[in-house]
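Notes for the one structure printed next.
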Amino acid sequence: MDRISGLPDEVLVKILSFVPTKVAVSTSILSKRWEFLWMWLTILKFGSKRYSEAEFKRLQCFLDRNLPLHRAPVIESFRLVLSDSHFKPEDIRMWVVVAVSRYIRELKIYSSHYGEKQNILPSSLYTCKSLVILKLDGGVLLDVPRMVCLPSLKTLELKGVRYFKQGSLQRLLCNCPVLEDLVVNLSHHDNMGKLTVIVPSLQRLSLSTPSSREFVIDTPSLLSFQLVDRNDNSHTFLIENMPKLREAYINVPFADIKSLIGSITSVKRLAISSEVGYGEGFIFNHLEELTLWNKYSSNLLVWFLKNSPNLRELILVSETDVMRILVCFPGYNRVLFLNACC
């Protein structure tokens, strides 16, 4: 027997945890000693965007046969990367059910297929007490059942997800009492005209949209806020209760965002891309670092300088300026001019 095979099981499993899951599984053919060691792994990653149809077929057979026999009492992380339409929703649901039964802590699913009925999430996922991180990317349908309780969920990422009905997202959010990080990248096919985010515990929020929306946001514990409009649309904002906000990145280049600006005046760091000013009555008393991107006007620059009495650092970024200049003048520590390509 070789020296490695003579090591204790715990050590061998630890060694396997440092290699891709596919490689760890392949060691099962080495000998009887190695046959079932990979089944004790707590981090499992299956699939690839580059898999062929034949490779996906083999993966499906492998998971159907072996995943229910997995021996680790707790799965720390389970990731599925699914491409095209090679998998049936019921197959994926079964795999997730198995992961949930092992007290899963992190679940990541990527699916590039945007079918009409991609409800691949089992109802047991929505009551998983151990789940801390949930990341869904691509053609996944979020059909939130009546019974929802995710008491440990702290991070939620939803990118390109479809929603079964208008209130699906908020129903989910209402039942995540310790949620701290939320990323929502909306798409044209998401079936959501109004986005409501009411989460008392939320600390970091990132929203991205390709179309016009109505935003309702109430997040009293929020520290960081990011909003990106990917297609220069017009939006309606009802934002309140952001007294702890310290940093914001706003890329919404349309005419009137006064209701949004009035909610972020407590920030210390602000990066913003817009072509217009924001009216009178807004004072950024805590603002120390300001970044103006691309199509800022001289009026906008003057407006921020006038209404930011404690500004220490000003960064101006444009597509044409190639100079990087350090300028010092009374009241400001430094001003940087950057090329947007840098």
Ile109 and Lys135: side-chain contact (heavy atoms from CB on, under 4.5 Å), yes or no, with the steps? CA-CA 6 Å; Ile109 299 179; Lys135 298 183 179 182; over 6 Å; no

Stepwise side-chain contact (heavy atoms from CB on, under 4.5 Å) check, Val317 with Thr291: CA-CA 7 Å; Val317 183; Thr291 302; 4.1 Å; yes

With side-chain contact (heavy atoms from CB on, under 4.5 Å) as the criterion, how do Leu227 and Asn251 come out once you've worked through the C-alpha distance, each side chain's angles and the decisive distance to 0.1 Å? CA-CA 6 Å; Leu227 177 62; Asn251 185 354; over 6 Å; no

Does Lys14 form a side-chain contact (heavy atoms from CB on, under 4.5 Å) with Ser17? I'd like the steps, not just the answer. CA-CA 5 Å; Lys14 186 67 174 179; Ser17 69; 4.1 Å; yes

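Remark: Tyr126 OH to Asp143 CG distance equals 6.5 Å, nearest 0.5 Å. One finds the OG1 atom of Thr127 at 8.0 Å from the CE atom of Met147 (value rounded to the nearest 0.5 Å). Note that CG of Leu195 and CG of Leu169 are 6.0 Å apart. Values are rounded to the nearest 0.5 Å. To the nearest 0.5 angstrom, Leu63 atom CG is 10.0 Å from Ile92 atom CD1. If you take CD on Glu288 and CZ on Arg312, they are separated by 5.0 Å, rounding to the nearest 0.5 Å. In this structure, Leu223 CG and Leu205 CG are separated by 11.5 Å, a value rounded to the nearest 0.5 Å.
Atom CZ of Phe215 sits in a crowded spot, with more than 12 heavy atoms from other residues, nucleotides or ligands closer than 6.0 Å. Within 6.0 Å of CG on Leu69 lie more than 12 heavy atoms contributed by other residues, nucleotides or ligands. Within 6.0 Å of CZ in Phe62 there are more than 12 heavy atoms belonging to other residues, nucleotides or ligands. A 6.0 Å sphere centred on CZ of Arg105 holds no more than 12 heavy atoms belonging to other residues, nucleotides or ligands.
Shown here for Phe78 and Ala99, the closest heavy-atom pair between the two residues is CD2-CB, 3.8 Å. Looking at every heavy atom in both residues, Cys128 comes nearest to Leu150 through O-CD2, 3.6 Å. Residues Asn285 and Pro309 approach most closely at OD1-CG, 3.6 Å, considering heavy atoms. Among all heavy-atom pairs drawn from Ser28 and Glu35, the shortest one is CB-O, 3.2 Å. Taking each heavy atom of Ala72 and Leu41 in turn, the nearest pair found is CB-O, 3.6 Å. The shortest heavy-atom contact between Leu107 and Leu131 is N-CD1, 4.0 Å.
The closest side-chain heavy-atom distance from Ile239 to Ile217 is below 4.5 Å. In this structure the side chain of Leu222 never reaches within 4.5 angstrom of the side chain of Lys244, judged on heavy atoms. Looking at heavy atoms from C-beta onward, Val178 lies out of side-chain contact with Leu153 at the 4.5 angstrom threshold. A 4.5 Å side-chain heavy-atom check between Leu134 and Thr155 finds every atom pair outside the cut-off. Side-chain contact between Ile272 and Leu292 is present, with heavy atoms from C-beta onward closer than 4.5 Å. In this structure, the side chains of Leu186 and Tyr163 come closer than 4.5 Å at one or more pairs of heavy atoms. Side-chain atoms of Leu182 and Ser206, non-hydrogen and from C-beta on, never get closer than 4.5 Å to each other. Residues Ile43 and Thr21 have side chains not in contact (no heavy-atom distance under 4.5 Å, counting atoms from C-beta outward).
No donor-acceptor pair under 3.5 Å is formed between the side chain of Ser201 and the backbone N or O of Glu180. In this structure a side-chain-to-backbone donor-acceptor pair under 3.5 Å is present from Arg102 to His70. Listed for the Ser124 side chain is no donor-acceptor partner under 3.5 Å among the backbone atoms of Val97. Using modelled atom types, no side-chain atom of Glu157 and backbone atom of Asp137 make a donor-acceptor pair closer than 3.5 Å. With Ser168 contributing its side chain and Lys165 its backbone, the two residues share a donor-acceptor pair below 3.5 Å.
By the rule that hydrophobic residues join a cluster once side-chain heavy atoms approach within less than 4.5 Å of another member, Val132 and Val183 end up as members of separate clusters. A single hydrophobic cluster is not seen to contain both Val216 and Ile250; linkage of ILVMFWY side chains at heavy-atom distances under 4.5 Å, directly or through other members, places them apart. Linking ILVMFWY residues whenever their side-chain heavy atoms come closer than 4.5 Å, directly or via other members, leaves Leu44 and Ile133 in distinct clusters. Both Leu287 and Phe282 sit in one connected hydrophobic cluster of ILVMFWY residues. Membership requires side-chain heavy atoms under 4.5 Å apart, directly or through other members. Following chains of ILVMFWY side-chain contacts shorter than 4.5 Å, one cannot reach Leu179 starting from Ile198, and the two form parts of different hydrophobic clusters.
No side-chain donor from either of Gln170 and Thr196 sits under 3.5 Å from a side-chain acceptor of the other. Inspection of the Trp38 and Asn66 side chains reveals no N or O donor paired with an N or O acceptor under 3.5 Å. In this structure, a donor-acceptor pair under 3.5 Å is present between the side chains of Asp91 and Gln60.
Contacts of Trp40 classified as ring-ring contact (aromatic ring centres under 6.0 Å, His included), with partners at least two apart in sequence or in another chain: none.
The pair Glu106-Lys108 counts as a salt bridge, with a side-chain nitrogen and a carboxylate oxygen less than 4.0 angstrom apart.
Cation-pi check for Arg79 over Phe46 is not met; the charged atom does not lie both under 6.0 angstrom from the ring centroid and within 45 degrees of its normal.
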